[in-house]
Amino acid sequence: MKLLDDSDDFDGVPLSHRAMAARPAPYLDGLNAAQRAAVEVLDGPVLMLAGAGTGKTRALTTRIAHLLMLGRARPGQILAVTFTNKAAREMKDRIARLLGEAVEGMPWLGTFHLISVKILRRHAELIGNGDLHLKPSFTILDTDDQIRLMKQLIQAENLDEKRWPARQLAHLIDGWKNRCLTPSNLPRGEAAAFDGWGGRLYAAYQDRLLTLNAVDFGDLLMHCVTLFQAHPDVLKTWQDRFRYILVDEYQDTNVAQYMWLRLLAQGHRNICCVGDDDQSIYGWRGAEVGNILRFETDFPGAQVIRLEQNYRSTPQILAAASGLIAANAGRLGKTLWTDAEEGERVRLIGHWDSEAEARWIGEEIEAFQGGHRAALGPVSLNDIAILVRASHQMRAFEDRFMTIGLPYRVIGGPRFYERQEIRDAMAYFRLVVSPEDDLAFERIVNTPKRGLGDKAVQTIQTIARQNGVSLLEGARIAVEEKHLSGKGLANLRGLVTDIGRWHADAIDSTVRHVELAERLLDESGYTAMWQNEKSPDAPGRLDNLKELVKALEEFDNLQGFLEHVALVMDRDDGEAGEEVSIMTLHAAKGLEFPVVFLPGWEDGLFPNQRAMDEQGTRGLEEERRLAYVGLTRAERLATISFAGNRRLYGQWQSSMPSRFVDELPQDHVEVLTPPGLYGGGYGGAMAFAGANAGTDMHDRAAKADVYNSPGWKRMQARAAERKAPVHRTPVTIDAEPAAKFGVGDMVSHAKFGEGRIMGIAEDTLTVQFETGFKTIKAGYVRPVGDGDDVPF
DNA sequence: GGAGGAGGGTCATTA
DNA sequence: ACCCTCCTCC
């Protein structure tokens with residue numbers, strides 16, 4: 001079928017009644033009853049509660065196809081929002097497959113941010129403050145730019161950057177934007193943050209963005225909402241346009257996104273939100289689980305459809321995951337079931353340290369490859385994923401896999417477009433496209449080195465400010481009036497003329513933008529800079545630059561490319577050969593793998609200490625949901641592991657198995673014995689395997705030899721002595737003084753006052769005091785607070 | 001006045 | 001472990 005394009009003037013145009021509506025629809029075949037309802041209940045608000053692996057994306061895409069086939073809406077009248085570009089891409093592909101043809105016009109299927117940009121570009125002039133307002137050509141800043149800007153503002157106020165770090169301010173402002181709090185509607189109490197400077201700096205930052213004709217990520221949503229609120233006529237046109245609204249991952253929406261959706265949905269009221277409260281893992285960036293929990297009250301008359309049949313995992317994995325998540329309160333509640341074959345229990349293993357853990361996992365993977373696990377059938381490296389809580393855990397695996405030559409890929413690591421060389425090159429592109437982009441100018445003016453240091457930049461800034469022009473323009477004046485001297489002057493003159501020439505070429509449609517980009521990097525000396533650099537990563541950087549230029553080919557011009565990059569920070573890595581995937585649990589959401597390793601299940605790391613400190617029970621529950629997400633990624637085999645010692649912040653620190661380990665339903669867990677346990681010197685590993693058995697894994701002690709070991713008995717005796725929750729107290733090998741303390745405990749120090757233990761290494765503690773982090777011998781601090789926890 | 005290295009201070013999830 | 005600042009040399 002040929003889909004109509006999106007057009008701006010469809011208002012009031014009746015939809016053609018398609019005869020095919022009455023025909024049976026083949027794409028509905030094979031859906032289960034719940035999925036079918038999710039596809040066919042088209043009118044009014046619908047909440048699709050879709051558990052992990054229940055065919056959510058299928059239901060969602062089929063629903064869109066169905067709307068189109070029935071002629072309920074044209075492609076341009078459906079708003080479909082996702083959180084990631086990947087999800088958007090996948091949906092487009094699947095809709096196309098369902099309809100048997102490429103979908104030309106689904107212009108409003110995309111991320112919140114992408115769609116917001118499209119809307120904002122059309123009404124940019126309406127966003128502003130006094131005389132300042134946006135132009136449709138506004139640029140989108142990334143975090144790096146944001147922080148640099150804020151640094152400048154903090155300096156402008158003569159504040160101490162140490163006491164008021166720009167990162168912290170960025171975080172604060174981000175939080176406000178997530179909640180749609182503009183400088184003018186910011187509550188007093190909030191504005192007082194940052195020692196009273198918060199509100200003022202925020203306002204200054206927003207004004208600065210306007211003068212730069214720029215927005216940051218948070219603005220995209222917030223500006224849309226304020227636009228809708230201040231201009232009902234504008235809102236009305238968008239409400240009229242979007243006959244059907246679909247939202248993926250609704251549990252991850254923040255306040256701004258929620259308001260955005262509500263405003264738009266108030267028109268036709270056909271909003272279908274898909275989500276799973278058990279997979280809400282983005283509270284730390286403003287997501288409100290409350291949005292999904294409240295759906296039925298927010299949208300009266302909403303229909304709730306539960307997708308509970310799981311098509312991904314074995315019953316064993318599902319049972320383990322369900323048992324774990326059951327410890328959370330305040331869930332909407334779902335009962336996942338499957339008719340898949342029983343499968344293997346979730347495996348659990350403890351290791352001496354993080355290196356042993358990496359070694360063991362590497363060996364396991366090699367064993368899979370050697371076909372030593374026939375029950376699983378052939379396992380490709382692409383079928384295997386290692387999901388970690390924090391990215392620093394990846395290092396151990398990378399090191400290990402590198403040495404044994406096991407191919408791997410890190411997903412969501414340092415992103416391509418966040419790399420230094422790419423950002424530099426992009427700054428050149430930006431400046432050439434919009435010469436008034438001061439941030440870009442600052443970035444490249446002395447990269448490569450041109451003898452234009454702080455002093456020279458300051459001179460340029462002063463001149464620009466005096467004349468009320470951009471930095472580039474200011475530089476031109478500085479050259480003409482010879483405000484600089486010698487080498488700097490000559491170099492700046494060269495740079496200014498170069499940029500002028502490149503800019504002319506960028507506008508000239510006869511100049512191919514790819515060639516321009518190549519020439520630009522060449523003539524600016526940027527490529528040469530890396531060629532002359534002899535550090536080991538220089539060749540890689542040059543490759544990245546080549547790749548960047550190659551990526552340009554897919555766009556019509558530089559502007560289009562820059563827009564894309566601003567919004568799509570992830571690169572679709574080409575399918576290389578067979579590789580094990582390493583990624584964070586957050587990055588793993590929505591993915592699935594036959595074989596999944598879940599290393600680092602240690603208290604403090606996972607659940608993460610900070611999450612618990614900052615959010616209390618809420619934080620802990622989010623961590624538990626993260627564990628749930630991790631387990632439910634596995635189709636056939638999941639292996640959880642923990643290490644007794646881990647290198648963290650440059651020190652070895654001991655830790656205890658995660659409390660989540662205790663919460664796993666034991667009938668669905670198989671405890672493996674760590675290799676080398678009896679080789680001597682592994683008392684610590686045994687001890688803590690035993691510490692764990694002290695709770696609900698006790699029954700299995702007889703089965704696993706490890707629990708008969710002296711280490712375990714010693715541990716058990718000790719645990720009994722102190723009656724404290726076992727997992728709160730770390731064990732060191734020879735009852736070093738540090739054994740009195742646990743990560744997370746409060747201690748007091750004669751000089752530094754009270755603080756919280758963040759890490760333990762032998763008898764040295766890393767303690768976070770009010771004044772900062774300190775590394776201290778355990779003997780110098782005394783425990784405070786809940787004395788039960790820390791017996792003497 | 002700029003560039004580059006050394007040392008000190010600071011920071012410790014997750015997009 | 002990393003970033004930033006200060007210092008020294010050019």
Side-chain angles (χ1 to χ4, degrees), chain A residues 82-87 111-113 142-143 147 151 160-163 165-168 170-171 174 178 217-218 249 252 254 279-287 387-395 411-415 417-418 420 445-459 484-489 491-492 529 533 535 567-570 583-590 600 602 604-615 619 622-623 625-627 629-630 646-653 743 755-759 761 766-769 771-775:
Chain A
T82 62
F83 270 83
T84 64
N85 296 291
K86 207 171 105 215
T111 62
F112 275 104
H113 296 285
D142 58 32
T143 359
I147 289 178
K151 223 175 231 170
D160 180 6
E161 285 174 76
K162 297 265 166 59
R163 273 192 75 190
R167 296 189 63 84
Q168 209 172 305
H171 185 75
D174 221 48
N178 284 340
F217 244 61
E249 309 279 17
D252 288 336
N254 61 31
Q279 291 186 66
S280 162
I281 56 174
Y282 284 106
W284 51 273
R285 62 172 199 209
L387 310 183
V388 299
R389 174 62 182 87
S391 45
H392 64 73
Q393 289 173 259
M394 293 178 180
R395 183 82 177 267
I411 295 179
R415 294 185 183 293
Y417 290 114
E418 283 168 15
Q420 187 193 340
V445 66
N446 202 27
T447 312
K449 297 272 184 280
R450 297 190 175 91
L452 296 163
D454 290 349
K455 200 65 192 222
V457 173
Q458 262 174 34
T459 311
L484 298 169
S485 58
K487 209 174 52 176
L489 179 69
N491 283 338
L492 187 61
M529 176 183 113
E533 164 100 30
S535 74
L567 292 167
V568 189
M569 291 295 277
D570 55 292
M583 69 189 93
T584 62
L585 286 160
H586 284 91
K589 189 157 106 180
E602 294 132 42
L605 176 61
F606 191 37
N608 183 270
Q609 191 61 46
R610 265 180 74 112
M612 291 187 291
D613 284 352
E614 286 165 15
Q615 300 281 337
E622 182 156 312
E623 295 288 300
R625 288 193 292 268
L626 201 47
V629 167
R646 187 171 291 278
R647 208 190 178 90
L648 199 55
Y649 315 131
Q651 276 188 320
W652 280 104
Q653 306 191 140
V743 170
R756 184 184 292 280
I757 298 180
M758 303 307 285
T766 306
V767 184
Q768 186 183 27
F769 294 103
T771 49
F773 284 80
K774 292 274 184 294
T775 309

Geometric class of the A:H586/A:Y282 ring pair [parallel <30°, tilted 30-60°, perpendicular >60°]: tilted
Sugar-phosphate only, base, or nothing, as touched by A:K487 at under 4.0 Å among non-hydrogen atoms: nothing
Euclidean distance, A:R167 CZ relative to A:T143 OG1, rounded to 0.5 Å: 8.5 Å
Integer angstrom distance from the P of B:dC11 to that of C:dC6: 16 Å
Nearest-angstrom distance from the residue atom CG of A:N491 to P of B:dG2: 12 Å
Donor-acceptor pair, side chain of A:Q279 and main chain of A:V629, under 3.5 angstrom: no
Donor-acceptor pair, side chain of A:R450 and main chain of A:V445, under 3.5 angstrom: yes
Distances under 3.5 Å between nitrogen or oxygen atoms of protein and nucleotides 13-15 of chain B:
| unit_1 | atom_1 | unit_2 | atom_2 | d |
| --- | --- | --- | --- | --- |
| B:dT13 | OP1 | A:Y649 | OH | 3.4 |
| B:dT14 | OP1 | A:S391 | N | 3.0 |
| B:dT14 | OP1 | A:S391 | OG | 2.3 |
| B:dT14 | O4' | A:R389 | NH1 | 3.3 |
| B:dT14 | O2 | A:W284 | NE1 | 3.0 |
| B:dT14 | O2 | A:R389 | NH2 | 3.2 |
| B:dA15 | OP1 | A:T584 | OG1 | 3.2 |
| B:dA15 | O4' | A:R285 | NH1 | 2.8 |
| B:dA15 | N3 | A:R285 | NH1 | 3.3 |

Integer-rounded Å distance: C:dC6 P and A:D454 CG: 12 Å
A:R285 and A:N254, any side-chain heavy atoms less than 4.5 Å apart: no
For atom CD1 of A:I147 and atom C1' of C:dC4, their distance in whole Å: 15 Å
Contact under 4.0 Å: A:K151 side-chain N or O vs C:dC4 OP1/OP2: yes
Nucleotide B:dA12, atom C1' - distance to CZ of A:R395 in whole Å: 15 Å
Distance, rounded to the nearest Å, where A:K449 contributes NZ and C:dC10 contributes P: 18 Å
Ring geometry between A:H113 and A:F217 (parallel below 30°, tilted from 30 to 60°, perpendicular above 60°): tilted
